[in-house]
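Input: a single structure, listed below in structure tokens.
Reminder, nothing fancy here: chain letters follow the sequence lines and each chain counts from 1. As a basis for the values below, the full set of heavy atoms in this structure was taken, side chains included, without hydrogen atoms, waters or symmetry mates.
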Amino acid sequence: MVRIKKESPDRPDNTAFTQQRLPAWQPILSAGIVIPGFVLIGLAFIGVGVGLFITSRDIQVLEIDYTGTDQTSDCNKCTNPNTKNCVCTLSFNIDTLFKGPVFFYYGLTNYFQNHRRYGVSRDYKQLYGDLANFKDPSTDCAPYRLDSRNNPIVPCGSVANSLFNDTFKLYQIVNGQRNVVPFDGKGIAWWTDYNVKFKNPDVTPLQNAFNGTVKPLFWTKAVYELDFSDPSNNGFINQDFLVWMRRAALPNFRKLYRRIAEENYTNGLPAGNYSLEISYNYPVLSFNGRKKVVFSNVSWMGGKNDFLGIAYLVIGSLCVVMSVVMLIVYAKFKFPEDD
Amino acid sequence: MFRKRPPPEEERKVKANDREYNEKFQYASNCIMTSKYNILTFLPVNLFEQFQEVANTYFLFLLILQLIPQISSLSWFTTIVPLALVLSITAVKDATDDYFRHKSDNQVNNRQSQVLIRGSLQNEKWMNVRVGDIIKLENNQFVAADVLLLSSSEPHGLCYIETAELDGETNMKVRQSVPVTAELGDPNNLATFNGEVVCEPPNNKLDRFCGSLYWRDRKYLLTNQNMLLRGCVLRNTEACYGLVIFAGPDTKLMQNSGRTKFKRTSIDRLMNTLVLWIFGFLVCMGVILAVGNAVWEKEVGSLFQSYLPWDPPVDNFLFSAFLSFWSYVIILNTVVPISLYVSVEVIRLGHSYFINWDRQMFCSQCNTAAEARTTTLNEELGQVEYIFSDKTGTLTQNIMSFNKCSINGQTYGERTDQMGTQPKRLDFSPFNPLADPQFCFYDDKLLESVKVGDVHTHEFFRLLSLCHTVMSEEKSEGHLVYKAQSPDEGALVTAARNFGFVFRSRTPGTITTSEMGRTVTYSLLAILDFNNIRKRMSVIVRNPEGRIRLYCKGADTVLLERLHPSNLELMTVTSDHLNEYGADGLRTLALAFRDLSEEEWEVWSESHRFAGKATDCREDRLAASYDLIEQDMMLLGATAIEDKLQEGVPETIALLSLTNIKIWVLTGDKQETAVNIGYSCKMLTDDMAEVFIISGHTVQSVRQELRSARDRMMELSRSRDGGKRGGMEGWAEACFMGNGFQQDQEGDVGGGKVFHSPPLPSPPSSFMDSISGEFGLVVNGHSLAHALEADMEAEFVSTACACKAIICCRVTPLQKAQVVELIKKHKKAVTLAIGDGANDVSMIKSAHIGVGISGQEGIQAVLASDYSFAQFRFLQRLLLVHGRWSYLRMCRFLCYFFYKNFAFTMVHFWFGFFCGFSAQTVYDQYFITLYNIVYTSLPVLAMGIFDQDVPDHRSLEYPKLYEPGQLNLLFNKKEFFICIAQGIYTSVVLFFVPYAVLSNATQSNGVPLADYQTFAISTATALVIVVSVQIALDTGFWTVINHMFVWGSLGFYFTIMFALHSQTLFRIFPNQFHFVGCAQNTLLQPVVWLTIALATAICIVPVLAFRFLKLDLKPQLSDMVRYTQLVRQKRRRPAGCGIGSAWRGTGSVTESRLGARGGSRRSGYAFAHQEGFGELITSGKNMRHSSLGLVSFASRHSSSWMETLRRKKNPPNASGDCSPAPSHASDRVPPLSNSSSVLGGSQEETVTEADQNIQSVPASLSQLEASAENLTCAPVRPQTDSPGGWILTLETVQEALFGWKGAAARGNTSDNQGSPRAARESIQTE
């Protein structure tokens, strides 16, 4: 090689970067890493899977359909769209203690909260308490933006308009007596929804803010009338409203309605007969939807979830099997590593 | 392009000194414009060009769609931001490129030239020179336009030009003006000159011009001899005047330069096809989903209207389906994100910088770094299959050096550097004050022989000082400058000068020399000029004593048969020397003399005069008369001239041909020169079965020659084939048969173990293939013209491509381009053209990749090129290292890129089935916008820029590593579908795992997890993690930057997500950030993480298993190299064996073959010699009147003379460390083989022991050793290795042994015994 006494200024810099000689880790999928790796992953997955599976098995779930398509059901009478203020009762019994805290959900099937046009149809600013958008709701809300007389609808849009309005009361039948099982409706919505995303306008009384607006077409009461008893649960920050406004990802979904963790029921629902009184207002039969109620308790990982445990077990075992296959292949067609 | 072209000219009329008259015709001005835009046209033209790109229009179309509210499923900013980015980046790049074009145009256009305006010379810029102007040209100036030579400072209106820029020939050419104008002389007379030239319209034929000059009512015919073309350089002529005939774009140079084409790589084209396919795929998806939407709206949506009524304009399901189609086109468009194009550009830019920064492609002698002038072609460098190379200045340095000679049976000039010491350069100055200080010679025996006055040596150099057509000039006493017509002659005369026989001057009748300090004047009786058929030239001189002697030098083939019978013994020895020289690739000439008696001379000169006067067949008669006297000559010796190759050329060519790259040499030089260089740079070897020469002058004969060449090839390979089949059983024996080694081995009891079990894994068919490829083809320019005709093309290609080496000579620039186009058209292969001169521009432009050699005089080639560097040998690094890496990186990048976007986008498709086909996106729109730009861009960019599978020196060591690129294996339609499939699989997992897990899951506080936002975050996070793990798997070379980018991107993802979901941002823009609080709510849930882990495992585990198994079952060469590399690194000592050595064996095969072959002789008259100079001399035309008969005449002459010659001898900046010629003997051994300990060690050992003559034998033996090693201990699976490696290795064994025998036979007895011992020892060291 020619030795250069004086480095020419045009000569490219001799740095590891420019000469592409950066120190680098060059991993290679060698048997020593891959096979033990597979065994380890497999074992870990099996371990987690077993844990999940056992946990999930202990969770109790009680699901009752109350759509009323069944002739024998008490709610069958309410399926007629002309019936107003229909109330039906559902009886069921629990064999063993339903461990608390028990969560009470309502569920809908074939209901497309995740439809694009449905999801778009709301006015975030309005729901944030922006009075300007009370007067002039966002065009996204169409066709539930203005009523037939061009009054702005508050809250506007399809989501709000279709608020689920069945209500439930649960009684435990003890010696023929109907004891009300107390429902706790606090904090069933996301903290951020309640505290950040939704806000009532800063007007007292709240009602005044809604002058010149109309309630959504399907609603029987205005939004400021949702809970007279508790101002912190009224208007846009009403928990049921919040729960509904958080739209579901899939067409079959359930939403939390109440918690049962008070008074005699802190440990759960004792065995016995129960009666659920439903005020049946929400029509779903027109689009072949179903309505149901769900009682469930939870573990550290939430509600019942058999899939997760099984999936972990399957994947874990596959990894172990794979590692054995690889070991055989490796032994047979060994990569020429020894010289 | 933008100029309105007048109707094509039929005839050009130019009147000297009459601008008004000439303006009528609107001839093009001398201003050249290669740039595309100006300030005003830039924006519209550039945008127009950019929107011709399918991709750009497509994105524009998407943008328009997004502006329609009913369709818009995504915000407009998801498209416009990247689109604007792409357009502006490209625009900036185009603008810079064009700026540089403007600059170079300006530089050329603003060169000064002197124009005769109204009787006085005025300085004008080139661009202002008009047709019809008379311009003055000075020595060493470029000719500004195509001009008609009117007069010159030299006698007879002669002037000399160098046309290297134009056709690559560096020998000087003579041009002469029409006699009547030659007398005009000075500007005053010329100002009144008002001749009119009528000639042919502009064309690209460099060697033809026809026209006539009308002046003073007379007509003079004009030919190419009267023309000076743009791009030529005036040499050895003080000044001349010319009339501009063609200017600017009409000049032959520009007419030859071809159009600038926008070059695309094959990956680009593939990418465009794939993008179209993806577009089709997109439409299919859209249609499926639209149909789904129609069905859904009809069956479900229509019933669901109580909660979600149809928009008033959308009153039926069909229209809704129509809209949904477009909505889906919008959200699914991310399968081809616009960032693909940006990223590709960025990666290419990165690769270009690496090329610019490469110190190993920096030439310290000329202080030039390699430069990637185009940033868009890098990965194509990894796919080159054909290289078209210019010769002069590219392969050779165009320096001739007197290297060796044989005088009276004694050879001189061997470099005795056995011990590795640099021999001392002889210092002539104390001995000879007239010596040329630039001259290099190393053998002091020759100088001794001159000093002691050896008669033969003296006669030898006397011949060299007398027998030539060189002109000399002596500026001041002792400062001789030779004007040689060809550099070879210059070298010979200079050699004689340095050894004390100085040619000082000549007149038409005399030659004055200074012999050993004594001035002697010979009278020159006759010059028997050179021509192509005679292949020799002679002079007949009478010395001061009155003795008449004929000196002849010429091709050995013709000269040796004209010797006196008494020379037989000397002839044998000299012939051996000539063989040796030939084997070294030197150009040889044999020298002889004959004493003539006064009578003989008289008789002959009479017959000669008679022949000269003959009107018919003058040439033949002259030749016959020459033939008469050039008989019974006495042999003096032979010379060997080295046409110095550039450094490392043979090694580079050998290495490149190992990668299956086919190299064509296209040169303007004549056949002999080209063939000679072909041999010396080892393109042609004597091992070749046959070298065909196509030199027919008619279509028929060319066709015939091509066909017979092909038949011959078939025949030869068939005969080999037949022999093969017969001897298949005993193939092992066949390998060793007849080389004498077998017996030797049997005799040696201990040596038996070495060759105990050579396995024979090679299927015979491929063995034959490699054999039947060994043909060479030489095509002449005029034959090439026929071969390139439409109906001959296919024939030519099929013949040419069956050959291993092709040399085309006498090729015009346009033909060069045509050849390239031909291969592009018929072979669909990637072509690379490399050259240094303006004559290569069209070829450089039409090849897929053009490479310019920089640092030489001209810059046109560099300006037209895509890559430029200073030396041919850098080509191997450009292709094998940078090209290979670029290709690899680009392919990996593309695979991953398509994968990640399919994984990303197809989730929407699956979701469509659950959201009523409403074009609801799965992810947050910010995620969609940022996914390609931020979250996943940097790791893949880092991989695309920095990834390496094997280090650079390994890819030079294992040229086979280049093959995947040529075969297009790493990214093709199949690979693409695999990527797509993997992407779709991932998308399925990414959608259905969260779907299955989350649909019934709740948080630990009972809140369901199946809300849309949680689902979106879970899927997005899983996606980002999966693709990050995937890139981690794909990355093979983890630098700090890769780590930073991979981890950084993940970090970025979480940071940005938390920021976008923060309360602060929501409070400011409640309308925009709907996902407030979602990140923390979701990511704190263990179930979500379990889901992500599950999805990741399902996506990655199969890939991991597949890759492991593939590596195990079907490892690629690069995997193996990488593996051995790592093992070696770990053990900290080189592993001498393994697969590697087999490949290394193949790597060095050529080397051994080159060294071991016996030589074939090639005449030194191969050089660019033109006939007719002898006549010019004897007629005295080129002599200055003042100089006739005088010795010290030339002092008034230009100092530029000296410079010219110096520059020729010694390229600019050539300092002490570069000028010593690379010795053939010493450089022959190892350049390709690496420094593996086993190989290197034993090599040195044997080299010192063996004689220089057979130095190549140890080299081959050590290969043999390497292969033997490899036979015995490498665990080999024949089905995975390319069989080529084995065959070549065995071939090496065979050849090495043959070679050894041949060489040993030549050596003396002690060598003969010493070398097998050395060989055996080296084998046993293993």
Toward chain A, the part of B:F1069 with a non-hydrogen atom under 4.5 Å: neither
Chain A contact via B:H882 - side chain, backbone, both or neither, heavy atoms under 4.5 Å: side chain
Heavy-atom contact with chain B under 4.5 Å, split by part of A:K304: backbone
Heavy-atom proximity to chain A below 4.5 Å, by part of B:S302: neither
Contacting region of B:P309 [heavy-atom separation from chain A under 4.5 Å]: both
Part of B:A370 within contact of chain A (heavy atom distance under 4.5 Å): neither
Pair B:D1034-B:R1107, salt bridge (charged side-chain N to carboxylate O under 4.0 Å, His left out): steps then yes or no: CA-CA 10 Å; B:D1034 286 351; B:R1107 295 218 172 154; 2.6 Å; yes
A:P101 versus chain B, the contacting section by heavy-atom distance below 4.5 Å: neither
Side chain / backbone / both / neither for B:A1001 at chain A, heavy atoms under 4.5 Å: both
Side chain / backbone / both / neither for B:I1041 at chain A, heavy atoms under 4.5 Å: side chain
Heavy-atom proximity to chain B below 4.5 Å, by part of A:Q26: both
Residue part contacting chain A, namely of B:C1078, when any heavy atom lies under 4.5 Å: both
Pair A:F38 and A:F45, ring centroids less than 6.0 Å apart: no
Check: B:Y307 ring centre within less than 6.0 Å of A:Y282 ring centre: yes
Structural part of B:F1066 lying under 4.5 Å from a heavy atom of chain A: side chain
Region of B:N1042 in contact with chain A, defined by heavy-atom distances below 4.5 Å: neither
Portion of A:A16 that has a non-hydrogen atom of chain B nearer than 4.5 angstrom: neither
Contact class of A:Y128 relative to chain B, heavy atoms under 4.5 angstrom: side chain
Segment of B:D358 engaging chain A (4.5 angstrom heavy-atom cut-off): both
Toward chain A, the part of B:Q1080 with a non-hydrogen atom under 4.5 Å: side chain
Contact origin within B:L1109 toward chain A - heavy atom pairs under 4.5 Å: side chain
Part of A:V196 lying under 4.5 Å from any heavy atom of chain B: both
Centroid-centroid distance, B:F304 to A:Y111, less than 6.0 Å: yes
Contact class of A:I35 relative to chain B, heavy atoms under 4.5 angstrom: side chain
Region of A:S299 that comes under 4.5 Å of a non-hydrogen atom in chain B: backbone
Under 4.5 Å from any heavy atom of chain A - which part of B:F911: side chain
Structural part of A:V48 lying under 4.5 Å from a heavy atom of chain B: side chain
Region of A:F287 that comes under 4.5 Å of a non-hydrogen atom in chain B: both
